[in-house]
Protein chains: 2
Amino acid sequence: MVGKRPTISDIAKAAGVSTGAVSYALNNRPGVSEPTRRRIMDIADRLGWVPSSAARSLSDGRANAIGLVVDRPARVIGVEPYFMQLISGIQGALAGGPTSLLFQVTDNSAAELAAYRRWWGERRVDGVLLVDLVQNDPRVELVRELRLPAVVLGEPVVPDLPCVWTDDELAVAEVLEYLVALGHRRIVRVAGPTRFVHTQSRSRAFTAAAARLGLPDARVVHADYSDEAAARVTRRVLTSGVAPTALVFDNDVMAVSALGVAHELGLSVPDQLSLVAWDDSALCRLVRPALSAVRRPIAERGAAAVRLLLDVINGGPPDQVKTSDPELVPRSTTTHPPTT
Amino acid sequence: MVGKRPTISDIAKAAGVSTGAVSYALNNRPGVSEPTRRRIMDIADRLGWVPSSAARSLSDGRANAIGLVVDRPARVIGVEPYFMQLISGIQGALAGGPTSLLFQVTDNSAAELAAYRRWWGERRVDGVLLVDLVQNDPRVELVRELRLPAVVLGEPVVPDLPCVWTDDELAVAEVLEYLVALGHRRIVRVAGPTRFVHTQSRSRAFTAAAARLGLPDARVVHADYSDEAAARVTRRVLTSGVAPTALVFDNDVMAVSALGVAHELGLSVPDQLSLVAWDDSALCRLVRPALSAVRRPIAERGAAAVRLLLDVINGGPPDQVKTSDPELVPRSTTTHPPTT
DNA sequence: CGTTATCCGTTAAGCGCTTAATTACCCTAC
DNA sequence: GTAGGGTAATTAAGCGCTTAACGGATAACG
């Protein structure tokens, strides 16, 4: 094979028909007879023809691509396996189809907005995935203004925006009930940044469950997902006032970081302190003691979001899809509280 | 702003000139007077004009995109921070320019080849990045056959292919010298899969340095980067025959996994066993004891590769660029061997 | 047997942009 | 006064594909 790509007019010439006929044949549309269609298709793949995405986009207005931009500082993004797993799921749903993934990571919200706007302007994407929604997220307004099909990965907080969500609140309750069943009464949740919708939703669920279970000392503190911030916050929580006996984190990195802090303070885990991580990961499995964690179906989320987005692009309804439920994976960082 | 995107003919109409003039003005080419150019540009950004990538691609043959496909099973890819850091670097070099990143993860080599071939056929990318080169890599032949500009992230093993590489051999020697200086004589390298060129190159360097330093017991064993395989291999190495006093791993996950195995075997790290991880990462920092590791400039590699690729696409020479050198970051998993 | 429908295929316009070729005009030079 | 040379614009073709609109057979129908 040489470096020259065949076009439909090469095929047309070879088959002795017009390019129109070729187009109809190749797209499985009526207008050509079965024998002709077959002949055309044979020639097409003998020539190794592949449609030019540019030409196709230009004439039918479809980009055959979807976009994902993740706005996390480089420092943090490398650490969490979350995004790679998400992308795995996304690719799974994309595989086989004609759609590609445009991926961008930015380090501030303005750049993220600019990326979406540019992709839209350049007609590079047919739709986008939105992750890490925040309160009054400017992206929501943007995609609406641009009429850019979008699917949110997260709770259905925006009424008419399609989304794929996981019942975190259920999981929060489950974790709390589990800890209470073990005998814990003083439990602190070390959450991610307040601005994220999912942070708020989990915190709300945490507070509600704590009230229901009668835990006056339950409270929420915040860090920024980084190990440094988590260490700082954890240190403070464990050393000031009456210390909790169990900590629930919003990601795996912070939980691992806390493991280090506990060690540094001479607290043995889980005997003197129980820990629960949020997204389960190899990190949780590998660390000693292995972390008890809440496992969410991340790849499933990605795949579902892609399917939904493709539907919406094709004019489907803006459904709000729920994934399977998270599950608590108890390992070696949770046990009864010390009997003081 | 509405959902309709302005085209150059809208601008032309508004400015009272032809679309040709608009094109010349917008691309900063001669053919229009300064005042006219200014007027056109003003109108263009008042209208919020953004060039249609499809139209541009179609007429100038440029896709303004580069592609990256990573072929690692989903199980493994989420774990290593390597790729996210790489992507961070890539984005950094892409930021501001007109080029986007097409990203795909596949779970077998055939799918990876198919992805490249399809992107080429669809004229979706102007060039691609190649990671994890293997011996007689079919991708090398493919990009040559397709005349698809490509940059290898790895050692310059293919003469005429541009690449960005890091002097791993130097780092391997440094690690070995360091361990020998601490007193170690029995050192085992737990490498990644043999097929990777970088695995082979590091192993060669390891063997050479070991010979030079007079370490007859130095040897290389292989795992597949996963924690399970690493655990298996490590367990075997530590329990059969005369056990090594130091282990050098090819990634961070395997090293962490070995930490668990050592613990399980009742070997204290670093007193009875020293460990060195290859790519440094938050994982290495967070784990207790914190892992000594070799830090490579990963984001720098990504950025350099992008710059080189863009050069090559523009007809530049197929340079072979060397990044800054890796550095050994000693932490808490390396010390003198036990004095048996 | 003339009239419709039906099927198969062609024609040509158009998607938004680039760019070679061309025209129109103004200056300068001889 | 006119040839020559810039400069500033327009024209139009073309990139590869889709798709309305159209045309020419052939089959079906009364």
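Chain identifiers are assigned alphabetically (A, B, ...) following the order of the sequence lines, protein sequences preceding nucleic acid strands; residue numbering begins at 1 within each chain.
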* In whole angstrom, what separates Arg5(B)'s CZ from dC15(C)'s C1'? -> 12 Å
* Asked: Of all of residues 21-41 of chain A, which get a heavy atom below 4.0 angstrom from DNA chain D, listed by number?
  -> Ser23(A), Tyr24(A), Asn27(A), Arg29(A)
* Structure fact -> Sequence neighbours excluded, the answer for side-chain hydrogen bond (donor to acceptor under 3.5 Å, both in side chains) partners of Ser18(B) is none
* To do: Find out whether Thr323(A) and Trp165(A) are in side-chain contact, i.e. whether some heavy atom of one side chain is under 4.5 Å from a heavy atom of the other.
  => no
* **Any donor-acceptor N or O pair under 3.5 Å, side chains Arg195(B), Asn136(B)** => no
* To do: With the side chain of Leu58(A) defined as its heavy atoms from C-beta on, choose the nearest nucleotide among dT10(C), dG16(C), dT18(D).
  => dG16(C)
* To do: Mind checking side-chain hydrogen bond (donor to acceptor under 3.5 Å, both in side chains) for Asp137(B) and listing every partner two or more places apart, or none if nothing turns up?
  => Arg139(B)
* Asked: Can you check the Asp60(B) CG to dC15(D) P distance for me, whole Å?
  -> 13 Å
* Can you tell me the distance, in whole Å, between the NZ atom of Lys13(A) and the P atom of dG9(C)? => 20 Å
* Ile8(A) has an atom CD1; how far is it from atom C1' of dC15(C), in whole Å? -> 14 Å
* How many Å lie between CZ on Arg62(A) and C1' on dG16(D), as a whole number? -> 18 Å
* To do: Give me the ring orientation class for Phe196(A) and His198(A): parallel if the planes are under 30° apart, tilted from 30 to 60°, perpendicular past 60°.
  => parallel
* To do: Step through the shown structure and confirm whether more than 12 heavy atoms of other residues, nucleotides or ligands are within 6.0 Å of CG on Asn108(B).
  => yes
Please write out the pairs of protein N or O atoms and N or O atoms of nucleotides 22-27 of chain C separated by less than 3.5 Å, giving the distance to one decimal.
none

* **side-chain hydrogen bond (donor to acceptor under 3.5 Å, both in side chains) against Arg123(A), all qualifying residues, sequence neighbours excluded** => none
* **Length of the CG-C1' vector between Asn64(B) and dG16(C), whole Å** => 15 Å
* Can you tell me which residue pairs pass the salt bridge (Lys or Arg N to Asp or Glu O under 4.0 Å) test with a partner in residues 11-24 of chain A, sequence neighbours excluded? => none
* Measure the distance from CG on Asp10(B) to P on dG16(C) and round it to the nearest whole Å. => 8 Å
* Choosing from dC15(D), dC17(D), dT10(D), which nucleotide comes nearest the side chain of Trp49(A)? -> dC17(D)
* Can a side chain N or O of Ser18(B) be found less than 4.0 Å away from OP1 or OP2 on dT10(D)? -> yes
* To do: Would you indicate, yes or no, if dT18(C) has its OP1 or OP2 atom less than 4.0 angstrom from a side-chain nitrogen or oxygen of Arg56(B)?
  => yes
* Asked: For DNA chain D, whose closest nucleotide is more 5', that of Gly16(B) or that of Arg123(B)?
  -> Gly16(B)
* Asked: Are Glu300(A) and Ser324(A) close enough that a side-chain donor and a side-chain acceptor fall under 3.5 Å?
  -> yes
